[in-house]
Amino acid sequence: MSELLQLEDSITKLRGVGPHIETDLKKLGVTTLADLAELLPFRYEDRRKVRLIRELPYGQDVVIDVEIVKVGTRRSKTGRLIVEAKGKDPSGEISILWFNQRFILKIAQPGRRLLIYGTRKPAKSMGNPFFAKKIIDRPELVPIYPATAGLSQYRLVQLIHQLEPVLDQEKDLLPEPTRTTLKLPKKSEALRECHFQQDPDSAAVARRVLAAEELMLMSIKILQAHAARLQLMGQPIKIDADYLKELTAALTFKLTDSQRRAAWEILQDLTKTTPMNRLLYGEVGSGKTAVAMLVAGNVIKSGRQVVFLAPTVALADQHYQNLKNFFEPRGVTVAKLTGDVKTKEEADLYIGTHALLEEPGRFKNLGLVIIDEQHRFGVAQRQTLVATSKPPHLLMMTATPIPRSLAQTLFGHLDISLMTGKPIHQKEVTSRIFEENDRMEIENNIRARLKCHEPGFVICPLIVGEEQPRSLLSLERKTIESEEKRLAQEFPEAKIAVLHGRLKNADKEKIVADFRAGGKIDILLSTTVVEVGIDNPAATWILIEEADRFGLAQLHQLRGRVGRGAKESVCYLADSATSPKGRERLEALVSTTDGIALAEADLRLRGPGELTGIEQSGLPELKFFDWSEPQLFGQVFAEAKKIVNDGLEKYPNIIKAINAQNQKVETGGA
Ligand code: ADP
Ligand code: MG
């Protein structure tokens with residue numbers, strides 16, 4: 001029967017796969033034999049060490065080879081059934097325990113010889129017995145698969161064993177020269193080893209092969225998208241130097257060199273026939289908005305419309321006020337479009353949230369789309385605006401830093417403008433981690449700042465208490481609700497305002513406007529909605545509750561809310577000691593204000609996550625690639641370039657795989 005099996009076959013062709021097992025396998029992402037072959041062991045259980053009873057170590061998983069002398073049952077104090085056997089080998093005797101496994105009585109009968117895998121644990125009252133895990137057939141290294149509740153290891157192993165004759169059908173996606181460069185074995189070999197050989201490193205090798213395959217497909221897609229874009233006809237827009245001079249002179253400040261350089265790069269790009277696809281990266285507070293303003297002005301002067309997208313209503317409103325004040329006196333019409341403000345009037349410049357994306361048809365002559373803090377927008381959303389017969393130029397702005405090790409590859413399909421440094425008057429922010437015992441001191445510092453009329457932020461992760469599952473042992477979490485009361489008591493003189501996502505848009509706008517106006521709000525108690533861009537140069541302090549629960553990118557953004565004015569500023573980070581690696585993240589944050597250095601640290605601490613902006617890149621999630629080894633990406637990307645240059649048509653396996661993937665996406669398959 002097995003000769004007839006094909007890798008593409010459904011797993012229902014395997015012996016023992018009924019509807020239940022089929023459903024369980026689906027949960028693991030397995031529908032075909034090929035999928036099953038790629039279900040890698042996540043670890044191995046080493047059942048090779050057979051030890052004499054006399055030499056049994058404590059606390060280590062080992063195998064004993066014993067003859068059962070006698071066996072009986074009893075109940076533990078809590079009512080659990082215990083099967084207790086006496087086993088002996090040439091070196092001595094030991095008591096062996098099983099819990100809640102009555103069927104053991106059928107196997108562990110006096111006189112029988114058994115190999116038992118388990119652990120000796122110190123339990124004096126019971127004579128330091130051997131806690132049995134499993135009776136085994138032979139001492140061996142056993143792969144452990146990601147099983148589910150309904151699907152035991154035993155079943156999975158049975159199924160995978162049926163694959164053995166089929167594995168040779170595995171075709172290598174990676175051509176031979178690529179495998180040589182990357183030092184990878186053939187896929188069929190790698191899979192065979194990890195499922196059937198006695199080598200604990202083989203799963204890692206197989207994982208690398210599969211990771212290289214998925215990276216290869218991704219890299220090729222990136223390169224294809226890049227090439228396709230170069231074929232598009234966009235709208236070249238001339239640089240109007242006189243008008244730009246006029247706009248620059250109207251700014252309330254002098255542009256930094258960095259801003260000039262970035263604006264120039266972008267303006268140059270707009271003159272090309274290919275639509276721009278550019279990422280403007282600049283630290284929080286580096287003044288990206290001013291750059292966007294100049295560029296937008298130039299496009300509007302050429303007779304085209306500009307759309308400026310912000311991730312939140314509060315931020316859209318802030319941009320709207322700024323841009324309106326700047327542009328309206330120069331005869332540019334500015335309109336706002338958020339979820340609940342819809343205007344039908346025509347304008348030169350639209351500012352809004354994603355609501356703008358719901359009616360892509362409304363723009364007659366769209367020349368440029370600017371997306372601020374763009375990681376909040378999905379790729380699909382972005383496409384709705386850009387996928388027209390006359391595609392507009394696209395400028396994305398972000399303060400989410402890109403680790404150097406990934407920039408070249410992950411963002412290979414984007415052009416990048418980097419802004420370094422900050423406008424001169426901005427001050428470094430001192431950061432300090434504190435624990436509950438230091439709260440008094442911290443609050444005294446805040447009191448002193450409030451006396452000097454320096455407003456600030458308190459950030460809480462939760463709005464109200466119900467958001468957390470309650471248990472007796474769980475710590476009291478900080479919420480906006482509880483903190484509002486507490487802060488009112490601690491700082492009776494201060495005017496406190498509350499800002500969070502559940503407020504009505506109009507209320508949010510009013511609070512943001514009041515906070516920026518100065519004098520009206522001393523403490524802005526908020527969730528992370530302030531994270532992206534709320535700008536009040538007078539604010540000199542920010543206190544982040546449960547800071548160890550936040551990601552580095554978010555913390556970096558939050559810290560960027562202060563240090564925007566002339567006064568020295570401070571960021572207080574409350575360590576609730578409840579998050580693994582939380583302290584390390586906080587220490588990394590304290591050690592530098594360089595976003596790119598932080599991105600590198602974050603990548604080390606927890607993989608790419610939000611900081612490297614996988615979402616921003618619009619790339620699919622990777623199943624096998626392990627971010628702790630990012631250089632594999634770079635290596636595969638370089639190989640992909642070679643393949644594309646050589647002519648993809650020579651690589652039918654890759655073409656087939658890409659087509660299959662695209663089909664899956666279209667039909668909505670997993
Ligand atoms: P971000 O890059 O984080 O979006 P913004 O564009 O909000 O930064 O700018 C931060 C603050 O710096 C704003 O108050 C802005 O008016 C001010 N700013 C921008 N450019 C300059 C400059 N060249 N000189 C002085 N202040 C500037
Ligand atoms: Mg900004």
Side-chain angles (χ1 to χ4, degrees), residues 226 229-283 285-310 319 322-334 347-351 363 365-374 382 385-386 388 390-399 402 407 411 413-423:
H226 195 69
R229 192 166 62 79
L230 295 180
Q231 300 301 314
L232 286 179
M233 265 313 266
Q235 317 167 46
I237 295 170
K238 282 211 185 71
I239 299 178
D240 187 335
D242 290 336
Y243 187 59
L244 284 166
K245 260 192 208 124
E246 190 187 320
L247 291 184
T248 315
L251 289 171
T252 54
F253 43 77
K254 195 169 162 293
L255 288 178
T256 63
D257 286 346
S258 229
Q259 283 170 313
R260 269 173 209 287
R261 210 178 308 119
W264 184 246
E265 256 172 29
I266 297 164
L267 289 165
Q268 288 274 317
D269 216 357
L270 294 178
T271 64
K272 296 185 190 145
T273 47
T274 317
M276 176 170 80
N277 193 30
R278 187 169 280 272
L279 185 72
L280 171 59
Y281 166 72
E283 286 278 302
S286 60
K288 295 184 287 295
T289 320
V291 174
M293 252 156 64
L294 294 179
V295 173
N298 189 70
V299 173
I300 292 165
K301 192 74 198 310
S302 81
R304 293 175 181 83
Q305 294 168 309
V306 174
V307 161
F308 193 130
L309 289 178
H319 283 318
N322 279 338
L323 294 168
K324 194 167 124 143
N325 291 344
F326 185 73
F327 277 118
E328 272 195 351
R330 334 203 107 67
V332 172
T333 50
V334 184
D348 302 315
L349 175 58
Y350 292 91
I351 292 151
F363 308 107
N365 197 8
L366 187 57
L368 170 68
V369 177
I370 300 170
I371 304 183
D372 193 17
E373 306 295 354
Q374 48 106 14
R382 225 185 284 158
L385 268 184
V386 180
T388 59
K390 255 167 78 186
H393 296 284
L394 187 59
L395 176 65
M396 292 160 279
M397 307 200 290
T398 187
I402 309 145
F411 295 88
H413 59 318
L414 289 176
D415 298 309
I416 302 183
S417 293
L418 277 180
M419 296 214 296
T420 50
K422 292 187 182 182

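All residue numbers in this chain count up from 1 along the given sequence.
Side-chain contact check for Leu280 versus Ser417: some heavy-atom pair is nearer than 4.5 Å. Using a 4.5 Å cut-off on side-chain heavy atoms (C-beta onward), Leu279 and Thr398 make contact. Between His319 and Phe308, some side-chain heavy-atom pair lies under the 4.5 Å cut-off.
Between the side chain of Gln235 and the backbone N or O of Leu366, at least one donor-acceptor pair lies under 3.5 Å. Panel note: side chain Gln305, backbone Ala347; a donor-acceptor pair is recorded below 3.5 Å. A donor-acceptor pair under 3.5 Å is formed between the side chain of Lys288 and the backbone N or O of Gly282. One N or O on the side chain of Thr333 and one on the backbone of Asp348 form a donor-acceptor pair closer than 3.5 Å.
Screening Val369, Leu394, Leu368, Val295 against Met276 for a side-chain contact (heavy atoms from CB on, under 4.5 Å) leaves a single residue, Leu368.
Closest of all the heavy-atom pairs between Val334 and Lys324 is CG2-CA, 4.1 Å. When all heavy atoms are compared, the tightest approach of Pro275 to Gly234 is CD-N, 3.7 Å.
Between the side chains of Asp269 and His393, no donor-acceptor pair is found at a separation under 3.5 Å. Side-chain atoms of Thr256 and Gln259 include a donor-acceptor pair closer than 3.5 Å.
Between Phe363 and Tyr350, the two ring planes are perpendicular [angle over 60°; tilted spans 30° to 60°].
Listed by chain and number, the residues in a side-chain contact (heavy atoms from CB on, under 4.5 Å) with Ala263 are Val291 (sequence neighbours excluded).
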Quiz item: When you look at Ile300 and Leu349, which way does the side-chain contact (heavy atoms from CB on, under 4.5 Å) test go after all the steps?
Solution: CA-CA 8 Å; Ile300 292 165; Leu349 175 58; 3.9 Å; yes
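Sequence neighbours left out, the pairs with a member in residues 290-302 that pass side chain to side chain donor-acceptor pair (under 3.5 Å) are Ser302-Arg304.
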